[in-house]
Amino acid sequence: MSAGGGKKAILAALSANAGIAVAKFIGAAITGSASMLAEAVHSVADTSNQGLLLLGQKRAEQQADQLHPFGYGRNRYFYSFVVALVIFALGSLYAIYEGIHKIQHPEELNNAIVAIVILGIAIALETFSFVTAMRESKPLKGNASWWQFIRNSRNPELPVVLLEDAGALIGLIIAFAAISLTELTGNPVWDGVGTLGIGILLGIIAVILIIEMQSLLIGEGALPQDEAAIRDRLVDGEHIDRVIHLRTQYLGPEELLVAAKISIVPGLEIDDIATAIDAAEARVREAVPAARVIYLEPDLYRTKTVEAGA
């Protein structure tokens, strides 16, 4: 995925969430609904998160220097990890606290119809943001399921936006149901129950994102199909007859480090070895464009080195 594609989805989510947050706060002030207030805080957190994702993309564009010779691409992973923490701290914990408080001390709602109208508008705007994120994700997702895409994507922004938007839509439905039940039954406890449900939902999403972003931040290798393609392209059968061992790691969403020890056919001159290595690098980059940093060490195949990974 290009950075531009991810940016489009982020900007769509930011615009939608900023407008929704204002509307929800107005609705919460008019109605006194705790679930509406929880949703307003949720939208503020989401708006801040989109800003953090944009900041991460900007920081990742810095040129490599002596302190960071492989560049700053992992800034995108770091800021996505911060987003997960914000969802948990600002969204989930607040909503859980507010929900428990409202269940213990229920308060009557005013003008519930206002809250329902605002929630309807919010659902429409969130749907637009969610559809945009899905459209931007499809080229990367391929034939994988959406869950597989979230689990396996080396690009952090779209999985974050997808989960945020999905959580926002489900949260809005929960708030809509809670306010409707409160209005129909006359029991304001339902409003607190809805708020608690929103908090638990946000907590689940935050934990998923924390796990995924922490894994990316530590460093993940190439996907199995990409690793297989790299191994296949390294061997030409004429100068390079096998891969002794291979290590890969993403330095950023679109930059893969490839380090390999390759077995050279005995008897080659140094010029032939250098030419074979250059050709192998070109084949790998053609097969896996993200493989921008490649280090190949020529050697003769020995069984012991394979076992030791030397």
(request) Report the hydrophobic cluster partners of Val207, with the cluster defined as I, L, V, M, F, W, Y residues connected by side-chain heavy atoms closer than 4.5 angstrom, directly or transitively. (result)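 Members other than Val207 - counting any ILVMFWY side chain reachable under 4.5 Å - are Ile211.
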(request) Output the rest of the hydrophobic cluster of Ile218: all Ile, Leu, Val, Met, Phe, Trp and Tyr residues reachable through side-chain heavy-atom contacts under 4.5 Å, sorted by chain and number. (result)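 Noted: Ile218 shares its cluster with no other residue.
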What are the two closest non-hydrogen atoms of [X] and [Y], and how far apart are they?
X: Leu246; Y: Ala260; result: CD1-CB, 3.7 Å
X: Thr31; Y: Ala115; result: CG2-CB, 3.8 Å
X: Ala144; Y: Lys141; result: O-NZ, 2.8 Å
X: Glu255; Y: Phe70; result: OE1-O, 3.9 Å
X: Leu125; Y: Ala16; result: O-CB, 3.8 Å
X: Leu158; Y: Ala9; result: CD2-CB, 3.6 Å

Pair up each side-chain donor or acceptor in residues 82-90 with any protein partner under 3.5 Å, not counting sequence neighbours, and list the distances.
none

(request) Anything under 30° is parallel, anything over 60° is perpendicular, the rest tilted; go ahead and classify Trp146 against Phe149. (result)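 Taking Phe149 first and then Trp146, their aromatic rings stand perpendicular (interplane angle over 60°).
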Considering only heavy atoms from C-beta outward, does the side chain of [X] approach that of [Y] to under 4.5 Å?
X: Thr248; Y: Leu257; result: no
X: Asn17; Y: Glu126; result: yes
X: Leu201; Y: Ile198; result: no
X: Leu196; Y: Ile103; result: yes
X: His239; Y: Ile264; result: no
X: Val288; Y: Leu256; result: yes
X: Leu296; Y: Leu234; result: yes
X: Ile262; Y: Arg242; result: no

(message) If we ignore hydrogens and angles and just use 3.5 Å, is the side chain of Arg74 paired with the main-chain N or O of Tyr250 as donor and acceptor?
(response)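 Present.
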(request) Say whether, by atom type as modelled, one donor and one acceptor occur between the side chain of Glu286 and the main chain of Arg283 under 3.5 angstrom. (result)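 Judged by distance alone, no pair lies under 3.5 Å.
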(message) Working note: Asp226 + Leu223, criterion side-chain contact (heavy atoms from CB on, under 4.5 Å); need CA distance, chi angles, decisive distance, verdict.
(response) CA-CA 5 Å; Asp226 288 338; Leu223 293 170; 4.1 Å; yes
(message) More than 12 heavy atoms of other residues, nucleotides or ligands under 6.0 Å from CD of Gln63: yes or no?
(response)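 Not buried by this count: 12 neighbours or fewer within 6.0 Å.
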How long is the gap from [atom1] on [X] to [atom2] on [Y], to the nearest 0.5 Å?
X: Asp299; Y: Ile244; atom1: CG; atom2: CD1; answer: 4.5 Å
X: Asn75; Y: Gln57; atom1: CG; atom2: CD; answer: 11.0 Å
X: His101; Y: Ile96; atom1: NE2; atom2: CD1; answer: 15.5 Å
X: Ile123; Y: Ile118; atom1: CD1; atom2: CD1; answer: 12.5 Å
X: Phe78; Y: Leu216; atom1: CZ; atom2: CG; answer: 14.5 Å
X: Asn143; Y: Gln148; atom1: CG; atom2: CD; answer: 10.0 Å

Single-linkage hydrophobic cluster, 4.5 Å side-chain cutoff, [X] and [Y] together:
X: Ile205; Y: Tyr97; answer: no
X: Ile200; Y: Ile210; answer: yes
X: Ile30; Y: Val22; answer: yes
X: Tyr94; Y: Ile204; answer: yes
X: Ile208; Y: Leu217; answer: yes

For residues 159-182, run the donor-acceptor check on the side chains, cut-off 3.5 Å, and write out each pair with its distance to 0.1 Å, sequence neighbours left out.
| unit_1 | atom_1 | unit_2 | atom_2 | d |
| --- | --- | --- | --- | --- |
| Glu164 | OE1 | Gln50 | NE2 | 2.4 |
| Glu164 | OE2 | Asn49 | ND2 | 2.8 |
| Asp165 | OD1 | Ser129 | OG | 3.4 |
| Asp165 | OD2 | Ser129 | OG | 2.7 |
| Asp165 | OD2 | Phe130 | N | 3.4 |
| Ser180 | OG | Phe176 | O | 2.8 |
| Thr182 | OG1 | Ala178 | O | 2.8 |
| Thr182 | OG1 | Asp191 | N | 3.2 |

(request) With sequence neighbours left out, write down each residue that passes side chain to side chain donor-acceptor pair (under 3.5 Å) with Tyr79, or none if nothing qualifies. (result)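 For Tyr79, the residues satisfying side chain to side chain donor-acceptor pair (under 3.5 Å) (neighbours in sequence not counted) are Arg59.
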(message) Suppose we screen for side chain to side chain donor-acceptor pair (under 3.5 Å). Which residues come up paired with Asp241, at least two apart in sequence or across chains?
(response)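 Listed in chain order: Ser263.
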(message) Under the salt bridge (charged side-chain N to carboxylate O under 4.0 Å, His left out) definition, can you give me all pairs with a residue in residues 13-31, not counting sequence neighbours?
(response)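 Residue pairs with at least one partner in residues 13-31: Lys24-Glu39.
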(message) Does anything in residues 204-215 form a salt bridge (charged side-chain N to carboxylate O under 4.0 Å, His left out)? List the pairs, not counting sequence neighbours.
(response)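 Applying salt bridge (charged side-chain N to carboxylate O under 4.0 Å, His left out) to every pair that reaches into residues 204-215, excluding sequence neighbours, yields Arg151-Glu212.
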(request) Test side-chain contact (heavy atoms from CB on, under 4.5 Å) on Tyr295 and Val258 and set out the steps. (result) CA-CA 6 Å; Tyr295 297 107; Val258 177; over 6 Å; no
(request) Run the salt-bridge test on Lys261 and Glu297 with the 4.0 Å N-O cut-off and return the result as yes or no. (result)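 Looking at Glu297 together with Lys261, the answer is yes, because their closest N to O distance falls below 4.0 Å.
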(request) State whether Glu254 and Arg76 are salt-bridged, where the test is any N-O pair (Lys NZ or Arg NE/NH1/NH2 against Asp/Glu carboxylate O) under 4.0 Å. (result)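 The answer is yes: the pair qualifies as a salt bridge.
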(message) Tyr72 vs Leu251, test: side-chain contact (heavy atoms from CB on, under 4.5 Å). Steps then yes/no.
(response) CA-CA 8 Å; Tyr72 290 81; Leu251 304 173; over 6 Å; no
(request) Sequence neighbours left out, what passes salt bridge (Lys or Arg N to Asp or Glu O under 4.0 Å) with Arg285? Give chain and number order. (result)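 Result, salt bridge (Lys or Arg N to Asp or Glu O under 4.0 Å) vs Arg285: Glu281.
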(request) Sequence neighbours left out, what passes salt bridge (Lys or Arg N to Asp or Glu O under 4.0 Å) with Arg154? Give chain and number order. (result)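 Arg154: salt bridge (Lys or Arg N to Asp or Glu O under 4.0 Å) contacts with Glu220.
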Anything under 3.5 Å between a donor and an acceptor, one on a side chain of residues 266-277, the other on a protein residue two or more places apart or in another chain? List them.
| unit_1 | atom_1 | unit_2 | atom_2 | d |
| --- | --- | --- | --- | --- |
| Thr275 | OG1 | Asp271 | O | 2.9 |

(request) Please report the C-alpha distance between Val44 and Phe25 in whole Å, then the side-chain angles of each, then the deciding distance to 0.1 Å, and finally whether the side-chain contact (heavy atoms from CB on, under 4.5 Å) criterion is met. (result) CA-CA 10 Å; Val44 169; Phe25 274 119; 3.3 Å; yes
(request) Provide the full list of side chain to side chain donor-acceptor pair (under 3.5 Å) pairs with a residue in residues 82-93, sequence neighbours left out, each pair given once. (result)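 Every pair satisfying side chain to side chain donor-acceptor pair (under 3.5 Å) with a residue in residues 82-93: there are none.
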